[in-house]
Amino acid sequence: MVAIIYMVFAVVSAVIFSTSTVLNGLVCLAFYKSKEFRNPPNVFITSVAASDLIYSATTVPLLIVTNAYGKWIYGEVGCKAVAFVSFLSGLVSLMHLAAASYERYIALVFPLSSRKTFTTQRTIRISVAMWLYALFWSVMPLCGWSGFELEGVGTSCSVRWKSHNKLDLSYNICLILACFVLPVSAISFSYYKCCKEIMCGARRARNIWGKSSSFTKKAFELERKMVLLFGVMTVAFLVAWTPYAVVSLISMIAGPDVISDVAASIPAYIAKSSACYNPIVYVFLYKRLRRRIYYLVRRRLSNSFKPSNETSQV
């Protein structure tokens, strides 16, 4: 039974690795190759994709191997490195989703305010600030404020959620408040305001141009699509990470023996799978990005199968 559990986690890790690496790599390539995608909302998308790509390419292969062995084989340094990269990637994604929701709120509610409008340069600075914010909370366990240790069935590492040491508890509480409650609250507020503004804008368009007018149909069309895109990304991320946050909170409050190792590992691996969701959402909802990725893949395949000059001469 134990061997089957490790095998399942190894297969899940392999799926996360292959899916996330390929899709996030294609998303990053599409944004790198296409200047038309370099606008404020897409800066956040690219940053999240880069974060997920780094995580899936560097740490998930180690999880495949450890689950195949049925134990952690990379020592304490490896445990800290994997936990650090995992935490950094997850926090970067959530912080960028919060920043993106606020950017959509500003774009919809204050479209003519030059002081509040997100330019590409301003968005890049905000993205860098989000990386630094996530880096701070990820580095603290390495500096002595709490620490990283094996979690669940012992094939992955995380923060000391089960510790009742005051230093560990203080970090865990601050982490949940600053890196989960705060960004989720910002996201909820921003999307509430966005939905309210979209409904008001559609009502104004109907009153001015009429219900069947093309102006009415096109009013806020692009904004609605971007709000939908980031909204679905956020829901997917929260669905993946909320069970992990809840289990971690229960472990903090009730003690280490309330939740079994297997039950603690399942939410952890669901959270790790969030690296796969975002690129799927991009490709499914973002038609221009989907077309660009298809074009790049088709061109790369055609170049690969194109005969070389030497071969054609023969």
Side-chain angles (χ1 to χ4, degrees), residues 9-10 12-21 23-25 47-68 71-97 130-143 145-163 168 171-172 174-176 178-180 183 236-249 251-252 261 264-279:
F9 285 142
V12 170
S13 300
V15 172
I16 293 172
F17 168 72
S18 57
T19 305
S20 177
T21 303
L23 292 181
N24 283 300
S47 196
V48 172
S51 153
D52 289 339
L53 179 61
I54 292 171
Y55 162 72
S56 57
T58 58
T59 66
V60 179
L62 304 182
L63 301 182
I64 298 173
V65 176
T66 55
N67 281 294
K71 62 179 181 179
W72 186 258
I73 60 174
Y74 297 106
E76 184 179 354
V77 174
C79 180
K80 290 180 179 180
V82 167
F84 168 76
V85 175
S86 301
F87 251 72
L88 178 63
S89 175
L91 294 180
V92 164
S93 296
L94 184 53
M95 294 306 116
H96 276 77
L97 291 174
M130 296 299 99
W131 273 90
L132 293 176
Y133 185 80
L135 182 63
F136 169 80
W137 289 102
S138 302
V139 164
M140 283 300 101
L142 299 177
C143 298
W145 192 14
S146 187
F148 294 126
E149 64 180 8
L150 292 174
E151 66 174 347
V153 295
T155 55
S156 62
C157 297
S158 184
V159 172
R160 297 172 185 160
W161 293 114
K162 296 182 178 182
S163 173
D168 296 338
Y171 173 80
N172 294 342
C174 290
L175 180 68
I176 289 176
C179 298
F180 191 80
F237 185 90
L238 293 179
V239 167
W241 279 92
T242 299
Y244 182 74
V246 171
V247 168
S248 301
L249 190 62
S251 298
M252 285 171 51
D261 291 340
S265 290
I266 292 174
Y269 278 88
I270 293 175
K272 297 177 193 304
S273 69
S274 65
C276 305
Y277 302 154
N278 285 333

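What you are looking at is a predicted structure, and each value in this text was computed from that prediction instead of being measured.
Between F17 and V12 the shortest side-chain heavy-atom distance does not fall below 4.5 Å. In this structure, the side chains of L142 and K80 come closer than 4.5 Å at one or more pairs of heavy atoms. Looking at M140 and Y171, their side chains come closer than 4.5 Å, going by heavy atoms from C-beta outward.
In the model, N67 has a side-chain atom that pairs as donor or acceptor with a side-chain atom of Y269 under 3.5 Å. Of the N and O atoms on the side chains of Y55 and S20, not one donor lies less than 3.5 Å from an acceptor on the other residue.
A donor-acceptor contact shorter than 3.5 Å links the side chain of S13 to the backbone of F9. For the pair N24 (side chain) and A275 (backbone), a donor-acceptor distance under 3.5 Å is present. Distance alone, capped at 3.5 Å, is enough to place a donor-acceptor pair between the S51 side chain and the S89 backbone. A distance-only check finds a donor-acceptor pair linking the side chain of N172 to the backbone of R160 [under 3.5 Å]. In terms of modelled atom types and a separation under 3.5 Å, the side chain of T21 and the main chain of S18 share no donor-acceptor contact. In this structure, the side chain of W72 engages the main chain of G75 through a donor-acceptor pair within 3.5 Å.
When all heavy atoms of G147 and D168 are compared, the closest pair comes out as N-OD1, 4.3 Å. Residues E151 and S265 come closest through the heavy atom pair O-OG, 4.4 Å. Across every non-hydrogen atom of T155 and L63, the tightest pair is O-CD2, 3.4 Å. For the residue pair P267 and A264, the shortest heavy atom distance occurs at CD-O, 3.5 Å.
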F84/L135 under side chain to side chain contact (heavy atoms under 4.5 Å, CB included): CA gap, chis, key distance, verdict:
CA-CA 9 Å; F84 168 76; L135 182 63; 3.7 Å; yes
